[in-house]
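Here the structure comes first, spelled out in C-alpha cells, and everything after it is commentary.
The sequence lines fix the lettering, A, B, ..., with proteins before strands; numbering per chain opens at 1.
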There are 2 protein chains.
Amino acid sequence: MKATSYTREDLVDLLRRHGIAPTHQRLEIAHVLFSRCEHLAADRVLALANERFAETSKATVYNTLNLFRDRGLIREVIVDPKRVFYDPNTEPHHHLYNVDTGELTDIAAEDLRISGMPVPPPGMVTEGVDVIVRIRAL
Amino acid sequence: MKATSYTREDLVDLLRRHGIAPTHQRLEIAHVLFSRCEHLAADRVLALANERFAETSKATVYNTLNLFRDRGLIREVIVDPKRVFYDPNTEPHHHLYNVDTGELTDIAAEDLRISGMPVPPPGMVTEGVDVIVRIRAL
DNA sequence: GGCAAAGATTGGACTTTGTCTAATTCATGG
DNA sequence: CCATGAATTAGACAAAGTCCAATCTTTGCC
C-alpha cells in the first residue's frame, strides 16, 4: 500500500492533480483518509476530521467523500447495508469482511485470481469487480 | 434455477422444513419471492405481497425477510447502499449489477472461477464469497 | 372441537445514514 | 483589494429499517 506520511503540500498537490480546489476542510479530510490505511465510514471521517479543531460539518464530509470518489481518489466499499466504507486504496484489490466485528481488511489483487469474467453487453463497460469474502466466528 | 411454480402446499412444506410456522403473511411473502426468480428489495416485496389483498404490514415484511434469511431460505445481496436485495436462489453464484438502472442479474457459479481464496484465521469460518461485477453505460 | 399458551402481526414512533437548500463565508485572479 | 464563483454550513428532510406494546393467530392438547 502507499506511503502513509503526507505533508500538507503533498495533499494540496494530490487534490490539485485531481482538479480539486484545496480547502481547509478537504485537506483535513484527505489527511484523515490518507494518513491511515483504514476503511472508514462517513461518521468516523467526520469525528476524526474534527478531532483537532471542529471546523468541518457533516454536509461537507459527505460532499467531499462523494467528490473524492467521483474524482477517483478513493473508492466506496459496499459490504454493510448500514454504512458505506471508503477505501483510500484505489488499486484493484479485494476485501475480507468480518461480519461479527465489522472489520474490513484488504486482499491483494494478486492473491485472488478470477477467471471467466463476463463480457459486458454492447454499449456497456465493466466499472469494477468487487470480491467480498465474509468470515465470522465459528 | 429452481422451478418457478409452487402450490400453497409446496410452500407450507418448504417453510415447515425450515422450522418456520406457515402463516398467511409468510406464505404470501414466500410466494412473492419464489414464484419469480428476481432480486427484490423489501419495498417491492411489500407492494407485491399486498397486490391481491392488503394484509401484510411493513414490519412483517422486514421480520419475515430476516427470518427467511436466517433460516437459509433466501440470501441478502448487498450491492446498493440504499437498499438490500433478496435473492431466492441460495446456491453459490455471483452477480452482475447495472449501476445505471439498478438491475441485478445472476452469474452462474461455474462461469466464474476464483482461485487463491484466503484461509480464514483460526476459530473463524468463511460464511460466503460475493462477487459483484458492476457495469454501466459507456 | 375448544382453549390456553406461545408465537406472529401490527401501526406508528423512532433511528440512522445520507441528501438538499438557501444563506453565508471563503478563495482567487485581475 | 475587491468582485465573483465556488465551498461550507445548519438544519430540515427523506428513505430504509428497527422497535414496542397491544392485539390477533396458530397450535398442541384434552
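- A salt bridge does not link A:R134 with A:D100: every distance from a Lys NZ or Arg NE/NH1/NH2 to an Asp or Glu carboxylate oxygen is 4.0 Å or more.
- For the pair A:L67 CG and D:dA6 P, the interatomic distance rounds to 13 Å; values are reported in whole Å.
- Phosphate contact (OP1/OP2 of C:dT19, side-chain N/O of A:N66, threshold under 4.0 Å): present.
- Side-chain contact between B:V79 and B:F85 is present, with heavy atoms from C-beta onward closer than 4.5 Å.
- A donor N or O paired with an acceptor N or O is not found under 3.5 Å between the base of C:dG18 and the side-chain atoms of B:K82.
- Residue A:T60 is the one, among A:T60 and B:V84, whose nearest nucleotide of DNA chain D lies closer to the 5' end (criterion: closest heavy atom).
- Atom CG of A:L15 and atom P of C:dT28 are 12 Å apart (whole Å).
- Separating the CD atom in A:E38 from the CD atom in A:E103 is a distance of 9.5 Å, to the nearest 0.5 Å.
- Judged by closest nucleotide on DNA chain C, B:Q25 is the one of B:Q25 and A:A42 placed further toward the 5' end.
- B:Y86 pairs with exactly one of B:V77, B:L73, B:I29, B:N66 by the side-chain contact (heavy atoms from CB on, under 4.5 Å) rule, that one being B:N66.
- Distance, A:H24 NE2 to D:dT9 P: 11 Å, rounded to whole Å.
- Counted within 6.0 Å of CZ on A:R17, heavy atoms from surrounding residues, nucleotides or ligands total more than 12; the atom is thus considered enclosed.
- If you measure from atom CG of A:L27 to atom C1' of C:dC26, you get 14 Å, rounded to the nearest angstrom.
- Contacts of A:D43 with the nucleic acid, taken as non-hydrogen atoms under 4.0 Å apart, are absent.
- Among the nucleotides C:dG18, C:dG11, C:dA27, the one closest to the side chain of B:S57 is C:dG11.
- Whole-Å rounding puts the A:I78 CD1 to D:dA16 P distance at 15 Å.
- Rounded to a whole Å, the CD atom of A:E55 is 16 Å from the C1' atom of D:dA10.
- Taking atom CG of B:D70 as the reference point, atom P of D:dT18 lies 11 Å away to the nearest angstrom.
- Taking the side chain of B:Y62 as heavy atoms from C-beta on, and the options D:dA16, D:dC19, D:dA7, the nearest nucleotide is D:dA16.
- A donor-acceptor contact under 3.5 Å links the side chain of B:K58 to the base of D:dT18.
- Among the atoms of the strands shown, only primed sugar atoms or phosphate atoms (P, OP1, OP2) are found under 4.0 Å from some heavy atom of A:T23.
- Between B:R83 and C:dG18, a side-chain N or O to OP1/OP2 separation shorter than 4.0 Å is absent.
- Distances were taken from every side-chain heavy atom of A:R26 (C-beta onward) to each of D:dT8, C:dG12, C:dC20; the shortest belongs to D:dT8.
- One interatomic measurement links the two molecules: CZ of B:R69 to P of D:dT18, which rounds to 8 Å at whole-angstrom precision.
- Comparing B:P81 and B:N63, the nucleotide of DNA chain C nearest to each residue sits closer to the 5' end for B:N63.
- Among the heavy atoms of the strands lying under 4.0 Å from B:R16 are primed sugar atoms or P, OP1, OP2 only; no base atom is included.
- Counting heavy atoms from C-beta on, the side chains of B:H95 and B:D106 come closer than 4.5 Å.
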